[in-house]
Amino acid sequence: MQDDFELRVHTIIGAIPFGRVATYGQIAKLAGQANYARKVGYILKSLPKESNLPWYRVINSQGKISFPAQTSKFIEQKERLESEGVIFLSNRVRLKEFQWLD
DNA sequence: TTATTGACACCTT
DNA sequence: TAAGGTGCCAATA
């Protein structure tokens, strides 16, 4: 049950194309569990660093990173996305342009 | 078992 | 675009 959802989430995140981002709700929905955004976040939290999953491509519905600005993780995620061509404006991403399957 | 918390989303203003 | 309030589910204390 849970493991299956986790597996789906992992698979979906791994399926996010280069230079694209997805929201928590979108991930949850694609995993077959709408409104499970929070669980998605929990899974990402427990995501081992061994996994090569592009967790940094997962952002919230506002197109923003869920970390406080200036934190190492925030900067790391932002840098990674920018490296893929994702444009940030005021610590925000143009979901209209970069959201996966939009 | 109830209350609290969390890398949140969605709707309304 | 920003801000506030509401709903959702699971893990933890």
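Both backbone and side-chain heavy atoms feed into the values below; hydrogens, waters and symmetry mates do not.
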Q: Answer yes or no on whether A:Lys39 is positioned over the face of A:Tyr42, meaning its NZ or CZ is under 6.0 Å from the six-membered ring centre and within 45° of the axis.
A: no
Q) Does A:Ser66 put a side-chain nitrogen or oxygen below 4.0 Å from OP1 or OP2 of B:dC8? A) yes
**Q.** Interatomic distance, A:Gln99 CD vs B:dC10 P [rounded to whole Å]
**A.** 9 Å
Q. Could you give the CG-to-C1' distance, from A:Leu53 to B:dA7, as a whole number of Å?
A. 15 Å
Under 3.5 Å between N/O atoms: give me all the protein pairs with nucleotides 6-8 of chain C, atom names plus distance.
{"residue": "C:dC8", "atom": "N3", "partner": "A:Arg38", "partner atom": "NH1", "Å": "2.6"}
{"residue": "C:dC8", "atom": "N4", "partner": "A:Arg38", "partner atom": "NH1", "Å": "3.3"}

**Q.** Atom pair distance, as rounded to whole Å: CD in A:Gln33 and P in B:dA9
**A.** 16 Å
Q: Measure the distance from CG on A:Asn60 to P on B:dC8 and round it to the nearest whole Å.
A: 7 Å
Q) A:Glu6 has an atom CD; how far is it from atom P of C:dA10, in whole Å? A) 12 Å
**Q.** Whole-Å gap separating P (B:dA7) and CZ (A:Phe67)
**A.** 8 Å
Q: Select base, sugar-phosphate, or nothing to describe what A:Ile59 touches, counting heavy atoms under 4.0 Å on all strands.
A: sugar-phosphate
Q.
Give me the distance, rounded to whole Å, that separates C:dG7 from B:dA7 when you measure between the P atoms they each carry.
A. 22 Å
Q.
The side chain of A:Tyr24 is closest to which nucleotide in this list: C:dA10, B:dA7, C:dA11?
A. B:dA7
Q: For A:Val86 and A:Gly19, work out which heavy atoms get closest and say how close.
A: CG2-O, 3.7 Å
Q: Quick one: list whatever passes ring pair (Phe, Tyr, Trp, His ring centres under 6.0 Å) with A:Tyr24, sequence neighbours left out.
A: none
Q) Whole-Å distance between B:dC8 C1' and A:Lys64 NZ? A) 12 Å
Q) Do A:Ile59 and A:Gln77 have side-chain heavy atoms sitting under 4.5 Å apart? A) yes
Q: Specify the separation, in whole Å, of atom NZ of A:Lys39 and atom P of C:dC9.
A: 10 Å
Q. Would you say the side chain of A:Ile65 lies within less than 4.5 Å of the side chain of A:Asn91, judging by non-hydrogen atoms?
A. no
**Q.** Pair A:Glu84 + A:Arg80, salt bridge at N-O below 4.0 Å
**A.** no
